[in-house]
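Below is one structure, written out as structure tokens, with a few remarks after it.
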Protein chains: 2
Amino acid sequence: MRLFAEKGYQATSIAEIAREAEANTGSVYFFFPTKQQLLIAVLEQYCDGIDPMLLQPAWANISDPIERIFALLERYRSFLIETECRYGCPIGILALELHEPDPQVREKMAANFAQWTTAVERCLQEARARLPETANLRDLATFVLTTMEGGVMQARTYRDPETFDASIRVLKNYFSLLLRPLPTGEPQ
Amino acid sequence: MRLFAEKGYQATSIAEIAREAEANTGSVYFFFPTKQQLLIAVLEQYCDGIDPMLLQPAWANISDPIERIFALLERYRSFLIETECRYGCPIGILALELHEPDPQVREKMAANFAQWTTAVERCLQEARARLPETANLRDLATFVLTTMEGGVMQARTYRDPETFDASIRVLKNYFSLLLRPLPTGEPQ
DNA sequence: GTCTATACCCTGATAGAC
DNA sequence: GTCTATCAGGGTATAGAC
């Protein structure tokens with residue numbers, strides 16, 4: 001998982017995976033008959049990890065659903081900062097790197113995106129009453145992922161978080177235009 | 001250029017480039033001492049092509065600066081449709097594929113993004129009077145690129161233009177909230 | 001289940017005739 | 001400038017002893 005995330009699929013060799021796992025290539029092939037099967041297993045791990053490894057830490061002390069969306073995006077900002085902007089979303093890297101992926105691989109990548117988007121959509125549903133009746137929550141959730149992926153890509157390319165931050169600022173401004181005050185009358 | 005765009009950098013071999021160019025690998029190395037130098041030349045070609053190959057065709061019959069932004073995005077939608085959603089922005093693919101790029105390579109990729117963003121920013125400046133005084137036009141232009149890149153990435157992964165379209169719909173809604181009517185009083 | 005050894009192929013890059 | 005031939009190294013995957 002770590003090597004695919006850091007270097008991508010093609011640039012990671014089985015020999016390197018074995019070395020990092022302190023095993024031999026023969027042992028790797030005992031568990032995974034091909035490199036692609038190993039990739040599929042990694043993609044399944046990512047999907048299974050979205051909730052416990054990504055959402056739960058991001059949302060530990062936050063209950064407001066809209067704040068949760070921006071806390072999730074803030075996690076990605078942390079990934080950028082921690083890596084001096086070398087970070088790229090692992091799924092995004094694979095999605096652009098693999099050009100004619102096996103259908104099974106492509107579906108696993110799509111499942112990762114879909115699960116992420118659905119988690120954001122649930123936040124939006126919780127905030128339903130504060131959003132315009134006409135707002136399409138699935139579109140809006142898709143757009144949050146779009147913003148994250150596009151922002152991370154640019155920040156990585158410039159090796160500077162500024163374009164990511166700019167994207168989040170604009171998204172925040174959009175949300176501030178969409179949201180009406182809380183039913184209790186509190187300011188946003 | 002075509003092979004790097006379709007298959008990425010690592011998955012394209014010099015032998016394949018030579019074959020498609022109806023030349024021999026020896027001849028390729030006469031012009032480009034390394035594969036990386038060839039990549040740099042391709043990135044320069046992309047930068048030089050943004051105006052004549054991308055913006056001019058997209059804007060041929062459109063003068064309204066805001067419409068121009070969405071016409072540019074519509075071009076990317078065409079690329080998706082023409083390729084049955086196998087399209088990926090060539091710069092975006094390279095930006096996520098190359099993990100420790102040579103500084104010269106990274107700067108060329110960043111220059112491509114910057115030039116694209118600046119073209120959008122100029123459209124926004126033309127529409128300055130219709131936008132809120134507080135709007136940061138550079139941020140907004142960055143956000144348009146973010147939307148394109150994130151939308152293309154998802155559409156390619158799902159092999160379906162819907163997530164791209166959803167992203168554009170939401171961006172349009174945002175712009176409709178930002179824009180005030182034209183000074184002449186025409187509706188938007 | 002794990003190990004060493006290796007088959008077989010493709011890669012980027014080079015040599016040197018023409 | 002272009003050609004053929006090839007080097008040296010690395011890739012995925014396999015074979016077979018233990």
Side-chain angles (χ1 to χ4, degrees), chain A residues 1-46 48 86 88 90-109 157, chain B residues 1-46 48 86 88 90-109 112:
Chain A
M1 274 182 91
R2 191 172 51 72
L3 287 170
F4 284 171
E6 281 175 14
K7 314 184 50 175
Y9 177 72
Q10 300 176 94
T12 301
S13 70
I14 300 286
E16 194 173 2
I17 292 166
R19 201 181 316 127
E20 296 263 327
E22 293 179 81
N24 299 83
T25 65
S27 304
V28 173
Y29 279 98
F30 176 79
F31 293 101
F32 304 101
T34 65
K35 192 182 178 187
Q36 182 179 286
Q37 283 301 313
L38 204 164
L39 170 63
I40 288 168
V42 164
L43 287 169
E44 283 168 356
Q45 283 285 319
Y46 270 116
D48 293 347
R86 277 167 180 76
I91 311 300
I93 289 173
L94 294 169
L96 292 193
E97 177 187 3
L98 305 171
H99 300 268
E100 296 286 352
D102 187 275
Q104 213 183 335
V105 170
R106 199 187 54 67
E107 277 157 30
K108 297 280 180 202
M109 297 190 297
T157 305
Chain B
M1 274 180 91
R2 190 170 54 72
L3 286 170
F4 284 170
E6 282 175 13
K7 313 183 52 176
Y9 177 72
Q10 301 176 92
T12 301
S13 70
I14 301 286
E16 193 172 4
I17 292 166
R19 201 182 315 128
E20 297 263 328
E22 293 179 79
N24 300 84
T25 65
S27 304
V28 173
Y29 278 99
F30 177 79
F31 293 100
F32 303 101
T34 65
K35 191 183 179 186
Q36 183 180 283
Q37 284 301 313
L38 205 164
L39 171 62
I40 289 168
V42 164
L43 287 169
E44 282 168 356
Q45 283 285 316
Y46 271 116
D48 293 345
R86 276 167 180 76
I91 310 302
I93 290 173
L94 294 169
L96 291 194
E97 176 186 5
L98 305 172
H99 299 268
E100 296 286 353
D102 187 276
Q104 214 183 334
V105 170
R106 199 187 55 68
E107 277 157 29
K108 297 281 180 201
M109 297 190 297
N112 269 276

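Here is the naming used below: chain letters follow the sequence lines, and residue numbers restart at 1 for every chain.
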OP1, OP2 of C/dC10 versus side-chain N and O of B/S13: anything below 4.0 Å? no

Is there a side-chain polar atom (N or O) of B/N24 under 4.0 Å from OP1 or OP2 of D/dC3? yes

Rounded at 0.5 Å granularity, tell me how far CD1 in A/I14 sits from CG in A/N24. 13.0 Å

I need the CG-P distance between A/L3 and D/dT12, as an integer number of Å. 12 Å

Please report, rounded to the nearest Å, how far the P atom of D/dT14 is from the CD1 atom of A/I14. 11 Å

Could you check which of D/dA13, C/dG12, C/dT14 has an atom nearest any side-chain atom of A/T25? D/dA13

Under 4.0 Å between a Lys/Arg side-chain N and an Asp/Glu carboxylate O for A/E6 and A/R86? no

Closest to the B/F30 side chain: C/dT14, D/dG1, D/dA13? D/dG1

OP1 or OP2 of C/dC3 sitting under 4.0 Å from any side-chain N/O of A/S27? yes

Is it true that A/E100 and B/K7 have a side-chain N and a carboxylate O under 4.0 angstrom from each other? no

Quick check for you: among D/dA5, D/dT14, C/dG12, whose closest atom lies nearest to any side-chain atom of B/Y29? C/dG12

Below 4.0 Å: OP1/OP2 of C/dG12 and any side-chain N or O of B/T34: no

